[in-house]
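The next block holds one structure in the form of structure tokens; read it before the comments.
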Amino acid sequence: MNWLRTFYQDRIPCSEYDVPAVEEWLEHQARQGRVLVSWLSFRSGVPADCRFTLVPALRGEKEPSEEKRAVYAAAGWEYVCRTSGTAFFVWRSGAANPAPLQTDPSADSWAYDCVWRKMVIRSSLLALYSIVMTLQIFRFFFFRHHPLLNLAQDRQAAPLLAYLIFLILFLFVYQLADIRILRRLIHSLRSGVPLPPRRKPRFPRRAAVLVFTLIILIYSGTSLFGLLDNHTAVNYASDPAPFLAAQTLGGSSQPGMVRRESTVMGQAVTVRSGPADMLCREAVRSRKLLRVAYSTQQEVYHLRFFFLSQPLLREIVRAYIPEDGGAAVSPMETPLFDEAFYGTANGVQHFAARLKNQVLYYRTDAPQDLRKHLPELAAILTAPEARLPERSAP
């Protein structure tokens with residue numbers, strides 16, 4: 001675990017803009033025999049009692065000029081590196097009492113204006129990135145008005161949603177902490193007070209970066225596992241899940257394919273037969289594919305939490321079914337289900353119902369009235385073989 005210890009040691013425990021804390025941390029690293037080579041990059045060396053100071057970079061200044069290096073060298077300081085984003089230049093001195101490089105707090109505060117402008121630009125870019133990520137969340141999960149159904153159908157959806165939310169919150173808190181520290185620093189200097197002493201950071205930055213890195217690795221691993229362990233549809237003969245066949249309704253299609261998907265919400269079992277139909281949304285210049293439906297298609301959702309059955313059924317009734325050619329359904333009274341809905345449009349029948357923690361959706365273009373086969377549909381949810389042993393979700 002040496003790599004983990006080294007990674008943790010190289011992470012700065014405070015904000016880059018907490019100048020006194022950064023200088024103290026660099027001096028501590030030098031006393032531990034870790035020689036700063038470039039920003040947050042060290043090599044092993046001889047323990048030394050060094051002094052560090054961070055000087056704001058002026059506008060357009062990528063590296064200190066030769067003249068500035070010579071002046072600072074005469075005062076006992078050598079240039080080491082620049083911080084991320086070229087906000088500060090890092091200077092080091094091995095002298096016991098080197099000449100201070102910043103002596104007038106009020107005048108020094110104006111040098112931080114360039115640092116503040118860079119901070120504003122970076123914050124704006126991060127805000128724009130967060131907005132884009134938020135729009136992606138709405139696009140993937142709320143665009144079609146059935147986010148619970150999306151989570152129930154796709155095992156990758158829940159980890160992706162959690163990852164995006166965590167990423168946005170992390171960036172927001174991380175940047176907010178930097179802004180508060182830099183504002184406090186500039187306000188103190190403009191009041192004529194030297195750099196304020198180090199305070200214990202409220203935001204555990206180093207631990208947060210480590211946790212964030214581990215979450216990225218875990219998310220990447222589970223995503224790869226999900227791709228490698230993708231549950232493809234199998235022939236009905238290989239997995240005879242309970243199913244109301246189209247022949248029972250006067251249709252002709254034979255049971256076709258079965259797909260089982262374990263998600264964070266439970267297990268989804270889909271049986272489909274007959275030809276496929278492309279469900280699209282008409283746009284001004286194009287058609288957007290919503291999903292593929294089959295002439296007879298049955299979806300059963302076995303939920304881990306019973307209280308999700310009603311909102312999931314509502315999404316099916318109010319959004320999922322209307323996507324299918326504008327079909328609408330109405331509630332129907334039946335003692336076989338806790339709640340049931342039925343409707344028909346363009347020769348296609350739709351039935352949706354829930355029973356305890358299970359939700360059923362059935363679509364067919366067979367001619368017989370589905371309402372005459374409610375016992376068979378109820379038996380699908382109560383049959384012992386309705387569920388195979390669950391495969392563990394990532």
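Worth saying up front: this structure is predicted, and the values here are computed from it rather than measured.
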Note to self: If I take atom CG from residue Asn357 and atom NE2 from residue His302, how far apart are they, to the nearest 0.5 angstrom?
What the structure shows: 8.5 Å
Next item on the list: Taking Trp77 for its side chain and Arg51 for its backbone only, find out whether a donor-acceptor pair lies under 3.5 Å.
Entry: no
Notebook entry, point to check: Between Leu36 and Phe42, does a side-chain contact (heavy atoms from CB on, under 4.5 Å) hold up when you go through it step by step?
Noted result: CA-CA 5 Å; Leu36 182 65; Phe42 300 85; 3.8 Å; yes
Margin query: How long is the straight-line distance from CG of Asn346 back to CG of Asp324, given to the nearest 0.5 Å?
Written below: 8.0 Å
Check: With hydrophobic residues grouped by side-chain heavy-atom distances under 4.5 Å, do Leu308 and Val264 end up in a single group?
Finding: yes
Item checked: Gln153 side chain near Glu261 side chain, heavy-atom distance below 4.5 Å -> no
Margin query: Determine whether the aromatic ring centres of residues Tyr79 and Phe89 are separated by less than 6.0 angstrom.
Written below: yes
Notebook entry, point to check: Going only through I, L, V, M, F, W and Y residues with side-chain contacts under 4.5 Å, is there a path from Trp39 to Leu182?
Noted result: yes
Next item on the list: Grab the two heavy atoms, one from Ser93 and one from Pro98, that are nearest each other, plus how far apart they are.
Entry: OG-CB, 3.3 Å
Notebook entry, point to check: Is Glu61 salt-bridged to Arg82, going by a charged N under 4.0 Å from an acidic O?
Noted result: no
Note to self: So that I can tick it off, tell me whether Arg363 and Asp365 are bridged by a salt bridge, with the cut-off set at under 4.0 angstrom between side-chain N and carboxylate O.
What the structure shows: no
Margin query: Is it the case that the ring center of Phe337 lies less than 6.0 angstrom away from the ring center of Phe351?
Written below: yes
Next item on the list: Could you tell me which residues satisfy side-chain hydrogen bond (donor to acceptor under 3.5 Å, both in side chains) with Gln247, sequence neighbours excluded, listed by chain and number?
Entry: Gln254
Next item on the list: For the residue pair Tyr361 and Tyr320, categorise the inter-ring angle as parallel (less than 30°), tilted (30 to 60°) or perpendicular (more than 60°).
Entry: perpendicular
Margin query: Between Thr248 and Glu376, does the side chain to side chain donor-acceptor pair (under 3.5 Å) criterion hold? Intermediate values first, please.
Written below: CA-CA 10 Å; Thr248 306; Glu376 292 96 320; over 6 Å; no
Notebook entry, point to check: Between the side chain of Tyr236 and the main-chain N/O of Val258, is any donor-acceptor distance below 3.5 Å?
Noted result: no
Checklist line | Any donor-acceptor pair under 3.5 Å from Ser309 side chain to Phe306 backbone | finding: yes
Note to self: Within this structure, what is the CZ-NZ distance for the pair Phe88 and Lys118, rounded to the nearest 0.5 Å?
What the structure shows: 9.5 Å
Item checked: Audit row: Gln349, Tyr362, side chain to side chain donor-acceptor pair (under 3.5 Å) steps and yes/no -> CA-CA 8 Å; Gln349 299 182 79; Tyr362 193 92; over 6 Å; no
Notebook entry, point to check: Checking Arg354 side chain against Pro311 main chain: does a donor-acceptor pair fall under 3.5 Å?
Noted result: no
Notebook entry, point to check: So, the side chain of Gln358 versus the backbone of Ile380: is there a donor-acceptor pair under 3.5 Å, distance only?
Noted result: no
